[in-house]
Amino acid sequence: MTAVNEARTENSDPTQLTDEEIFNAHLGGKLEVGATASLADPKALSIAYTPGVARVSRAIAQDASLAAKYTWAHRLVVVVSDGTAVLGLGDIGPSASLPVMEGKSALFKTFGGLDSIPLVLNTTDVDEIVETLVRLRPSFGAVNLEDVSAPRCFELEQKLIEALDCPVMHDDQHGTAVVSLAALNGANTVLGKHIGDQRVVISGAGAAGIAIAKILIAAGAGDITLLDSRGIVRTGRAGLNPVKEEIAAVTNSGNLDGGIDVALRGADVFIGVSSSKVSEDLIASMASDSIVFALSNPDPEVHPEVAARHAAIVATGRSDFPNQINNVLAFPGIFRGALDAGARRITEGMKLAAADAILAVAKDDLGPDRIVPSALDPRVGPEVAAAVAVAAKADGVA
């Protein structure tokens, strides 16, 4: 696929966008197919298509492993969605989700050098989605799940990992988690702090929140408090689904009970991945030199200028404020590294390696307003890919 480059220059203002320029940029979609083989004369046509192509097909029929060498499938990422949790729009269906998935495929090409196609499915049944992708497996090399609602997304990802012999990752979970870890490590480097000594509060116990909690635990965090719309997720609380029961068992070491006011009092780090709002008084109740990641888009849980009155470092998911925590720093390189290594799956070690590589790109220029590289930094994708490929081999999945 040839991606239409959506990236704006560093000097453009992403907040000053008109409907006209947005809709004009999406006319006809944002992707097109480009041929890599010459079709300029009869001989070229005979090589690229009939009769020459039959020899390649015959060879693959005799040795299926040759498909990885003589087709694009081994390097093709499918961006799969059912349209049930699209951006901040919610359940808008597969057709309305397609512009987002096209954009994701464009990002794969631009920042990872990988061909990618969007695949939106007119079903929300987990088993039907799994069956569909199992049947399509010869056509692609990896699956990027996108904008699938929780808690179905957890079941879907796990079933696909078990059913397919290729990398599968739900980016809303793990891409967000990887970049959040990189950003937290960057902030701690600036402040001279360590994740093992901090109390971290995560608002939002959906796909991103639970994945962030898990990767922070894997990175050495010792005290994490997770909240959903009903308050602190804790062992014994009525009404928890199995995913929340599992995370409750390894978080909330202080056995806190209550809401965000209880959780944030004296906390070192706040990470928001929900649509809830957090007042200035609550941010002020956090520990000194606190860190605030208000990641909801387009409206952060707390305005960054308000949070900065009390926090030492503030980040958002938006491009018009410093310290943008953007998944594009992670997913193109993670998939590129996994495919470069021939990995059968994406491991926790590969995600941790990606977070370290993201931070390493910015290590010589860290500061309160730069805890991760720019989303447009061309060094990030290759560095993440190289680190992930090494980790895949170390973890024995390559």
Side-chain angles (χ1 to χ4, degrees), residues 10 107 111-112 169 171 173-198 200 202 208 211-222 224 268-273 289-295 304 311-319 321-338 340-341 346-392 394-395:
E10 292 281 6
L107 296 176
F111 296 105
M169 190 176 83
D171 184 50
Q173 293 182 57
H174 307 295
T176 305
V178 165
V179 183
S180 295
L181 174 59
L184 182 54
N185 286 340
N188 282 338
T189 301
V190 172
L191 298 176
K193 297 189 175 186
H194 187 271
I195 191 174
D197 303 322
Q198 293 172 310
V200 181
I202 302 172
I212 291 170
K214 288 182 176 180
I215 201 170
L216 293 187
I217 291 169
I224 295 176
D268 300 288
V269 180
F270 169 72
I271 301 176
V273 281
D289 286 338
S290 62
I291 298 168
V292 172
F293 293 173
L295 303 184
I313 292 179
V314 179
T316 72
R318 291 173 50 153
S319 59
F321 293 105
N323 295 328
Q324 183 190 21
I325 295 178
N326 190 324
N327 286 20
V328 77
L329 291 168
F331 71 84
I334 291 175
F335 276 95
R336 177 63 183 263
D340 284 350
I346 294 172
T347 66
E348 199 69 21
M350 293 160 72
K351 298 170 200 170
L352 292 171
D356 289 343
I358 292 168
L359 179 57
V361 172
K363 66 181 179 180
D364 295 330
D365 194 24
L366 287 173
D369 289 340
R370 181 178 162 79
I371 56 174
V372 288
S374 163
L376 301 178
D377 192 318
R379 299 172 295 170
V380 175
E383 291 295 327
V384 171
V388 167
V390 171
D395 287 347

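Note that the structure is a prediction, hence the values are computed from the model and not measured. Side chains are part of it too, since the values below use all heavy atoms of this structure and drop only hydrogens, waters and symmetry mates.
Smallest separation of non-hydrogen atoms from A357 and A387: CB-CB, 3.8 Å. The two residues V372 and A182 have their closest heavy-atom pair at CG1-C, 4.1 Å. Among all heavy-atom pairs drawn from A375 and L329, the shortest one is CA-CD2, 3.9 Å. Considering every non-hydrogen atom in both A330 and G175, the closest pair reads CB-O, 4.0 Å. Pairing each heavy atom of V388 with each of A354, the nearest pair is CG2-CB, 3.9 Å. Nearest heavy atoms, A315 versus N323: CB-O, 3.2 Å.
Residues L295 and S180 have side chains in contact (heavy-atom distance under 4.5 Å, counting atoms from C-beta outward). Within the 4.5 Å cutoff, the side chain of N188 has no heavy atoms near those of the H194 side chain. With a 4.5 Å cut-off on side-chain heavy atoms, T316 and F293 do not count as touching. The shortest distance between side-chain heavy atoms of M350 and T347 falls below 4.5 Å. Between N326 and S319 there is no side-chain heavy-atom pair separated by less than 4.5 Å. Within the 4.5 Å cutoff, the side chain of V190 has heavy atoms near those of the I313 side chain. In this structure the side chain of F270 never reaches within 4.5 angstrom of the side chain of I291, judged on heavy atoms.
Residues satisfying the side-chain hydrogen bond (donor to acceptor under 3.5 Å, both in side chains) criterion with D340, sequence neighbours excluded, are R75, R336.
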### Check against side chain to side chain contact (heavy atoms under 4.5 Å, CB included), V328 and L376
CA-CA 9 Å; V328 77; L376 301 178; over 6 Å; no
### Task
For the pair V200 and D268, evaluate side chain to side chain contact (heavy atoms under 4.5 Å, CB included) and give the outcome as yes or no after the intermediate values.
CA-CA 6 Å; V200 181; D268 300 288; over 6 Å; no
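Annotation: the span from D364 atom CG to R370 atom CZ amounts to 9.5 Å, rounded to 0.5 Å. Here I334 contributes atom CD1 and K351 contributes atom NZ; the two are 8.0 Å apart, rounded to the nearest 0.5 Å. Expressed to the nearest 0.5 Å, how far CZ of F331 lies from CE of M169 amounts to 8.0 Å. Remark: I224 CD1 to Q198 CD distance equals 10.5 Å, nearest 0.5 Å. If you take CD1 on I195 and CG on L184, they are separated by 5.0 Å, rounding to the nearest 0.5 Å. Annotation: the span from I215 atom CD1 to E348 atom CD amounts to 5.5 Å, rounded to 0.5 Å.
Under 3.5 Å, the side chains of T176 and N327 contain a donor-acceptor pair of N or O atoms.
Under a 3.5 Å cut-off, the side chain of Q324 and the backbone N or O of G317 do form a donor-acceptor pair.
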